[in-house]
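Here the structure is a predicted model, which is why all the values come from computation and not from measurement. We count ligands from 1, going down the list as the structure has it; atoms in each ligand are counted the same way.
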Amino acid sequence: MTGVTELAYIGIEALDLAAWENFAVELMGMQLADRKDEALRLRMDEKAYRWIITRGPADDLAFTGFECGSEADLRALVERLRNTGMEVAEGDAALASARRVGRIFVTHDPVGNRVELVTGLADADTPFVSGKLVSKFVTGDGGAGHEVLMQGAVDQQRMLDWYGLLGFKLSDTIEQELAPGMIAKVAFTHCNSRHHSVAIANMPFPKRIHHFMIEVADMSDVGFAFDRCMDAKQPFEMTLGMHPNDRMFSFYVRTPSGFNVEFGWGGLVIDVASWKAKRFDQLSVWGHRPPEVVAKLLA
Ligand SMILES: [Fe+2]
């Protein structure tokens, strides 16, 4: 069964594009591809863009683009989805052109998140240049990064089954009792050697997406980005720490739309063919403490 091969891009609807441009370029180290028609496109590598921020009231996830290896694979996937009764609409030439892809089909997951299935996200005409990173973003075969989606009122297994139809397989789960009777459960899934590209979380959070993870090739870039965010007084969700499953060394900072970017280094690369799903009982091995907890400890 051929499924999607990578998370290619993410779309956000945001109120404040100027704040987003500053956050993405000056704090995260992305490159502005262009700013037109009330939208920003942001680069992380040789691709034309990896993020599209469109002006609008939602301040939340607007869509996620997943790429297939070929047009034949995309058509086979769409046929398989339609055979399960799913509505999948083909995007027109204008949408394909706007997204800089060959073909595009659009559907929605059980929570209602817009999912775009595409081929051939184009390269930019110029090399990628970050004004901030000493290394580079880790993309390539592992795609743009990973996203953690909130399941809301939808059963977690239903979400996993749906993403399973796209080709996602379970990497592992983490269950941790955050407070008496309140158990956080996150299920992590992969579609390539990145430990996870999509995770589904049951925690209370007022957005469709808890965070999008972007990874850098040098640990120092995590430290430099941490300092840039501190100096800019950008609110943190969690300070530095490490997860037990993907071993990501990272911090979580709030985007201008209220959900988070996880800025990380050293994420686990898995052998997809031999991977066995595991279970963990803590979200972080160390750190990832909320800033108010850190402030009290250091007072
Ligand atoms: Fe993450």
Arg279 and Asp172 ion-paired at < 4.0 Å: no
Result of checking Tyr252, Phe263, Phe251 against Phe236 for ring pair (Phe, Tyr, Trp, His ring centres under 6.0 Å): Phe251
Heteroatom test (N, O or S) for Glu262 near the Fe ion (ligand 1), limit 2.8 Å: yes
His196 N/O/S atom closer than 2.8 Å to the Fe ion (ligand 1): no
Degrees at the Fe ion (ligand 1) between the NE2 atom of His211 and the NE2 atom of His146, nearest 10°: 100°
Centroid-centroid distance, His243 to His288, less than 6.0 Å: yes
Ser250 and Glu262 side chains, donor-acceptor separation under 3.5 Å: yes
His243 backbone or side-chain N/O/S under 2.8 Å from the Fe ion (ligand 1): no
